Amino acid sequence: MGRFSSIRVLLCFAVPPRCKGTVVAMSTSPPPRYRNNAWREHPLWNWVGLVPFFLFIFLFLIIPSLNLFTGAFVTNKGFFTLENLSVFRNPLVLKAYMTSLQVSLLTAVIGGLFGFFVAAAITLGHPPRWMRSLIMTFSGLAANFGGVPLAFAFIATLGRTGFVTALLKEVCFPGPDGTQICPFNPYDHGFSLYSLTGLVLAYTYFQFPLMVLTITPALEGMRKEWREAAANLGASTWQYWRDIALPVLTPSILGASILLFGNAFGAYATAQALTGGSIPLVTIFVGQQIRGDVLGNPHEGYAMAMGMVVVMAITIVAYSMLQRQASRWMKV
Amino acid sequence: MTHLELSHIRKAFGAAVVVEDFNLAVNQGEFISFLGPSGCGKTTTLRMIAGFELPTAGTITIDGNDLTNTPPNKRNVGMVFQSYALFPNMTVAHNVGYGLKITSKSKAEIMQRVHEMLALIQMEEFAQRYPFQLSGGQQQRVALARALAIRPQLLLLDEPLSALDAKIRLELRHEIRRIQRQLGITTIYVTHDQEEALSLSDRIVVMSKGKIEQVGTPTEIYNAPATEFVARFVGHINLLPVTVLNPTDGVISLGRQTLRAGRFGKLNGRPVQLAVRPEEINLGAKPDTNTLSGEVESVTYLGSIVRIGLRIEHHPLSLDVFNEHTLKLPRIGETHTIHFPVNACWLIEKSD
């Protein structure tokens, strides 16, 4: 009897219609007690893991940004003013913005293209696994190897007394008129590491590996069957890239490009260490103003930094619009 | 008339030979299935026909033209992939019309053909949708329309239904056959699903370890498998080790019980097995048939049929009975007599 009644109670839980006639017997026993776990269902719990991140953002992005924005509109004595914005009428500052934009665009394009080809070579070219790992590890390292060490590495390599410069001085190159140039000193032929060209070269060193790191996953997501289906329908390799691969990759390429642009636009230490501030970049100007040089005005520095934020905001808005257009076929 | 011919095809990846001495002549409008387990070389053979792999040796000709070394984009062969492979950045209409756009057809011509193809797969109202807005079955139908839009001389289907659920698979199977018959296009279909191969094909090529085991109609493959592999791979079969008593009349013995094989080739003294399908065996005894007795080991419901497992002379044997309401099933442990017609069994050489 005991065995059957327990089976009946179990069935009662599983299949409610079977409870008919069992209810009376069940009502004599105390109702089962359940822990109230409803609080676990609260949507706020989904956000708990992100609390440290939001805290970090608040402390190191929101507060400094607010400080920067308010600092751009106050005098040294703390009164509201628009005078700091007059810095944008200074031709030197405008030139600094232009140079920064130029360097950022140039290195984003050069680094982006070079990085894309390297990433394509390691994903589509099927090199040995160890080679792929090697390139990815190098990219991870080089993308984060900026600042003063990078500047000194370049000075030791391509500076006036750098070892590559010294090596080049030992070899001969044919000149434009067919005569041999011996020795070949690149500094006698217009090259200087301490110029805009040198800066672009140094920036490219960390820009292209960043492109490799960001675009490789997108290239890996390109399915072999798309290429085969295109070939099957009569498409050449060029037609496949034009009609399928590049449109599919465009959102990722745009995302990577904006990252590269921002990376170069905000770079400071490499340029400062390499050129000693001789090339006018916004970051160098901001640094000079905030560092408190004799003629420094931190509030003008804040205004220039705010200008940089505006440039990046415009870039991101433009990127978002392009991204939306390019990825309208994507699942949202 | 031979449309596609594969002669002495061999494919090796380094030391691994994946297709060996593959010979096949396919007639115009024929529906051929390559059937075999994973890794038997069926997809590699299909990819060689499409031009995605180059044969290590042998030739591939279509209508007498040697295409062995022709690049895939010059072959005019339509292919449908297991994973649909629709271009995600193009709408259904653009996917279907892409092959025609490549050949620089006029916009009007492309539009007309796209409409024709979408009507063929009954998806005209989906023209402006993107692949992500379609179900798996719809995507595969679009992939089929895309492959057919270029009017290929050959249609290749690489396990096109494997990624779909059972109901859609059945629907699409019928649709593929309907469209193939309607267009009369020569089709090669790769599958590891014997039911698909049996229900769709004019002929089936059963492959194992890179080699052809048997080529035949579905009836030939099922009713007269040429090798033990084919017998075991296609459908369910009983293979009982027997001793030949009289090679002329096909008289054999299974332990102490004597039987006759309906079909047998030249018996050259090698070990043979008696092959008989479960559906050919009935419970009870009947005159002029092969009659055996054994102990019931299992009774398994399979829906419309019930499979009864017996042990006869230490060998397992199963028989299928229809699950009728009058059916009286034997109990496990009982000894029962079974019978099957002499013509329903045959002898197969035991493979190495």
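All figures in this text were calculated on a predicted structure; none of them were measured in a lab.
Heavy atoms of other residues, nucleotides or ligands lying less than 6.0 angstrom from CE of B:M111 number 12 at most. The number of heavy atoms from other shown groups lying within 6.0 Å of CZ (B:F13) is above 12. Crowding of A:R242 atom CZ: a count of heavy atoms from other residues, nucleotides or ligands under 6.0 Å exceeding 12.
Only the backbone of B:L86 comes within contact range of chain A, with heavy atoms under 4.5 Å apart. Heavy atoms of A:S236 lying under 4.5 Å from chain B belong to its backbone as well as its side chain. At a 4.5 Å heavy-atom cutoff, B:T103 makes no contact with chain A through either its backbone or its side chain.
Side-chain atoms of B:R146 do not come within 3.5 Å of backbone N or O of A:A229 as any donor-acceptor pair. No donor-acceptor distance shorter than 3.5 angstrom exists from the side chain of B:N89 to the backbone of A:V248, with no hydrogens or angles considered. A donor-acceptor distance shorter than 3.5 angstrom exists from the side chain of A:N232 to the backbone of B:V77, with no hydrogens or angles considered.
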Inset, instruction - With side-chain contact (heavy atoms from CB on, under 4.5 Å) as the test, would you mind laying out the steps for B:M90 and A:I244 before giving the verdict? - result: CA-CA 8 Å; B:M90 295 183 195; A:I244 297 131; 3.8 Å; yes
Legend entry - Steps toward side-chain contact (heavy atoms from CB on, under 4.5 Å) verdict (B:F52, A:K224): CA-CA 11 Å; B:F52 300 133; A:K224 187 182 78 172; over 6 Å; no
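A heavy-atom distance below 4.5 Å is not found between the side chains of A:E225 and B:Q82. No side-chain heavy atom of A:L233 sits less than 4.5 Å from a side-chain heavy atom of B:I102.
Pairing each heavy atom of B:K101 with each of A:D243, the nearest pair is NZ-OD1, 4.1 Å. A:E228 and B:F81 make their closest contact through OE1-CE2, 3.4 Å (heavy atoms, listed as atom of the first residue, atom of the second, distance).
Atoms CZ and OH, from B:F87 and A:Y240 in turn, are 8.5 Å apart once rounded to the nearest 0.5 Å.
Of all the listed residues (B:R47, B:Q133, B:K74, B:R75), the one sharing the greatest number of non-hydrogen pairs under 4.5 Å with chain A is B:R47. Of the listed residues (B:P131, B:S83, B:P152), the greatest number of heavy-atom pairs within a distance under 4.5 Å of chain A belongs to B:S83.
Applying a 4.5 Å heavy-atom cutoff, none of the residues of residues 123-144 of chain A approach chain B.
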